[in-house]
Student: 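Here it is, the structure, as structure tokens.
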Number of protein chains: 4
Amino acid sequence: MAETENSSDVIGGIAAEALQQYVDRIERLEDEKKALSEDIKQVYSEAKSTGFDVKILRKIIGLRKVEEQERQEQEELIDLYKRALGMV
Amino acid sequence: MAETENSSDVIGGIAAEALQQYVDRIERLEDEKKALSEDIKQVYSEAKSTGFDVKILRKIIGLRKVEEQERQEQEELIDLYKRALGMV
Amino acid sequence: MAETENSSDVIGGIAAEALQQYVDRIERLEDEKKALSEDIKQVYSEAKSTGFDVKILRKIIGLRKVEEQERQEQEELIDLYKRALGMV
Amino acid sequence: MAETENSSDVIGGIAAEALQQYVDRIERLEDEKKALSEDIKQVYSEAKSTGFDVKILRKIIGLRKVEEQERQEQEELIDLYKRALGMV
DNA sequence: GATGCGCTTTAAATGC
DNA sequence: GCATTTAAAGCGCATC
């Protein structure tokens, strides 16, 4: 390869600098995501030490999630009807 | 039970207010986490539209991840050996 | 439905015999798997009684595993690049 | 370290050869275990292509597992009573 | 354009 | 309580 190629060059047809930036952005976001996962685990553990049953707590959260989903689906359906009826 | 039970009371032996707060905290953190997942997806899609091969990009990220894992495992192993040899 | 339904018949729209065979095959495989888990545990315990530190042993195994993972990831990445560059 | 140390020597107080053998045995067993996991996945996939619902199939297998467990617990209990009554 | 499929990731359960 | 293992979800992909 050329001796002056650096990260801002095209290497093997790849815009190296741009690639680097994408990788960095993604890894940074994944780190934040991981941190949040740990925070969540932390909260569960805190709840547990306050006497709550973590397993049940998880079930509750899960339940609320699907209920929220169902609510959204209903809203979307309503929206669909509205569009069909020219009510938008 | 108290006749004026509300969310700050104990209901069926459960501290309702505390429970509510835990649920809220967890759901808020999960929302943030989900937002990050969408951001990541967004970045991949952006990279794709710039001409990068998403599959390769994912592999690179994955590879860097296992490299990081290996580094950590090695450190932990060294640490473990140190402890086993009384070098701590 | 047929009045003489038995295990080789369709019951409630289900091919009972085929189902039975799948269940049997899976349970047999799971039994073998469980036996292997016990063997592994056994080996660790044996190593321990010979004076090895099980925690360290596990770390070594784990480390070798991620090294193998990394090797595979690298190969797959190279392969992917080849395909992307039409070298296949 | 001594210049003639090899795998059959003691390195840092570790019986290197013995260690090597334990690692090998464990990794071999884990490979077999992994192969079985793949076989199981294979059977599920085969069942699916025959028209069965994999999720339900898993539930069934799981259900049979706990029933088997309960049966065993009962037998153990019976055995315990027998011993208590000198019926062994 | 929709559907199904496999794969990756994430959540849950189990065992030490 | 932690770490492993297993079940489920979500996602992109390919196909029709």
Side-chain angles (χ1 to χ4, degrees), chain A residues 26 29-30 33-34 36-49 53-66 68-69, chain B residues 26-27 29-45 47-49 52-59 61-63 65-66 69 72-73 76 80, chain C residues 26-27 29-30 33-34 36-38 40-45 48 54-55 57-59 61-62 65-66 69 72-73 76 80 83, chain D residues 26 29-30 33-34 36-38 40-42 44-63 65-66 69:
Chain A
I26 290 166
L29 290 167
E30 285 189 345
K33 199 159 152 243
K34 195 179 173 188
L36 282 172
S37 293
E38 280 155 15
D39 287 350
I40 291 169
K41 214 186 310 181
Q42 178 73 21
V43 177
Y44 275 115
S45 140
E46 193 180 318
K48 179 175 189 174
S49 72
D53 181 320
V54 172
K55 202 168 166 180
I56 304 296
L57 195 44
R58 282 187 190 277
K59 290 259 185 237
I60 296 286
I61 304 271
L63 201 56
R64 287 167 57 100
K65 209 178 288 176
V66 316
E68 170 66 11
Q69 261 179 44
Chain B
I26 289 166
E27 286 184 346
L29 290 168
E30 285 188 346
D31 284 349
E32 294 178 30
K33 201 165 152 232
K34 194 179 174 189
L36 282 171
S37 293
E38 279 155 14
D39 288 350
I40 291 168
K41 215 186 310 178
Q42 179 71 21
V43 178
Y44 274 114
S45 139
K48 180 175 189 175
S49 71
F52 288 103
D53 183 321
V54 172
K55 221 165 164 181
I56 290 181
L57 194 43
R58 283 187 190 276
K59 267 284 166 237
I61 304 271
L63 184 54
K65 211 177 284 177
V66 316
Q69 246 184 66
Q72 276 185 28
E73 291 261 6
E76 283 165 19
L80 229 43
Chain C
I26 290 166
E27 285 183 347
L29 290 167
E30 285 188 346
K33 197 160 154 242
K34 195 179 173 188
L36 282 172
S37 293
E38 278 155 15
I40 291 168
K41 215 185 312 180
Q42 179 71 19
V43 177
Y44 274 115
S45 140
K48 181 177 188 173
V54 173
K55 217 166 167 182
L57 196 43
R58 283 185 189 279
K59 266 285 167 236
I61 304 269
K65 210 177 285 176
V66 317
Q69 248 184 62
Q72 276 184 27
E73 291 260 7
E76 283 165 18
L80 226 45
R83 289 174 192 281
Chain D
I26 290 166
L29 290 168
E30 285 188 346
K33 202 165 150 230
K34 195 180 172 187
L36 282 172
S37 293
E38 279 155 15
I40 291 169
K41 213 186 311 181
Q42 179 72 19
Y44 275 116
S45 141
E46 194 180 319
K48 179 177 189 172
S49 71
T50 320
F52 290 103
D53 182 319
V54 172
K55 203 168 166 181
I56 304 296
L57 195 43
R58 283 185 190 280
K59 290 258 184 237
I60 297 286
I61 304 271
L63 201 56
K65 208 177 289 176
V66 317
Q69 262 179 41

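Lettering of chains follows the sequences in order, A, B, ..., and the numbering in each one begins at 1.
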Student: Could you tell me the separation between the CD1 atom of A:I56 and the C1' atom of E:dA11, rounded to a whole number of Å?
Tutor: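 Computing the A:I56:CD1 to E:dA11:C1' distance gives 16 Å.
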Student: Mapping D:S45 and A:Y44 to their closest nucleotides on DNA chain E, which lands nearer the 5' end?
Tutor: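 Its nucleotide being nearer the 5' end, the pick is D:S45.
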Student: Taking the nucleotide of DNA chain F with the nearest heavy atom to each, does B:S37 or C:R58 sit closer to the 5' end?
Tutor: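 The residue whose closest nucleotide sits nearer the 5' end is C:R58.
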Student: First locate atom NZ of B:K41, then atom CG of B:L36, and finally report the distance between them rounded to the nearest 0.5 Å.
Tutor: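 It comes to 12.5 Å.
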Student: Once you round it to whole Å, what is the distance between P of E:dT10 and CD of B:E32?
Tutor: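 About 16 Å, once rounded to whole Å.
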Student: For C:E73 and E:dC7, what is the distance between atoms CD and C1' respectively, to the nearest whole Å?
Tutor: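 Distance, rounded to whole Å: 13 Å.
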Student: Measuring from the side chain of A:K48 (C-beta onward, heavy atoms only), which nucleotide among E:dG15, F:dG1, F:dC13 has the closest atom?
Tutor: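 Selected nucleotide: F:dG1.
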Student: Just so I know, are the side chains of C:V54 and C:R58 near enough to count as touching, which here means a heavy-atom distance under 4.5 Å?
Tutor: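 Yes, at least one pair of side-chain atoms sits under 4.5 Å.
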Student: Find the distance B:I40:CD1 to E:dT10:P and express it as a whole number of Å.
Tutor: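 From B:I40 CD1 to E:dT10 P: 8 Å.
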Student: In this structure, how many angstroms lie between the P atom of F:dC2 and the NZ atom of C:K59, rounded?
Tutor: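 Rounding to the nearest Å, NZ of C:K59 and P of F:dC2 are 15 Å apart.
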Student: Give the rounded distance in Å between these two atoms: CG of A:D53 and C1' of E:dA12.
Tutor: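 Distance, rounded to whole Å: 13 Å.
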Student: A:L29 has an atom CG; how far is it from atom P of E:dT9, in whole Å?
Tutor: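 After rounding, the gap between these two atoms is 15 Å.
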Student: Considering just the side-chain nitrogens and oxygens of B:K33, establish if one lies under 4.0 Å of OP1 or OP2 belonging to E:dA11.
Tutor: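 True: B:K33 side-chain N/O within range (under 4.0 Å) of E:dA11 OP1/OP2.
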Student: Grab the two heavy atoms, one from A:S37 and one from B:K33, that are nearest each other, plus how far apart they are.
Tutor: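 Closest approach of A:S37 to B:K33, heavy atoms only: OG-CE, 2.8 Å.
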Student: Could you work out which one of E:dA11, F:dG12, E:dC16 sits closest to the side chain of B:K41?
Tutor: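 Nearest listed nucleotide: F:dG12.
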Student: If each of B:E38 and D:G62 is mapped to the nucleotide of DNA chain F with the nearest heavy atom, which maps nearer the 5' terminus, i.e. the 5' end?
Tutor: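 So the residue in question is D:G62.
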Student: What's the separation between atom CD in C:E27 and atom CG in C:L29, rounded to the nearest 0.5 Å?
Tutor: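 Nearest 0.5 Å value for the CD-CG distance: 10.5 Å.
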Student: Strictly below 4.0 Å: does A:K65 bring a side-chain N or O up to OP1 or OP2 of F:dA9?
Tutor: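 No, outside the criterion.
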Student: For a quick test of reading the model: is some side-chain N or O of D:K55 closer than 4.0 Å to OP1 or OP2 of F:dA8?
Tutor: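 Answer no for this pair, as no side-chain N or O of D:K55 is under 4.0 Å from OP1 or OP2.
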Student: Take the protein atom CD of D:Q69 and the nucleotide atom C1' of E:dG15, then report the distance between them rounded to whole Å.
Tutor: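 The answer, rounded to whole Å, is 11 Å.
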Student: Looking at CG of C:L57 and CG of B:L80, how far apart are the two atoms once the value is rounded to the nearest 0.5 Å?
Tutor: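 Going from the CG atom of C:L57 to the CG atom of B:L80 covers 11.0 Å.
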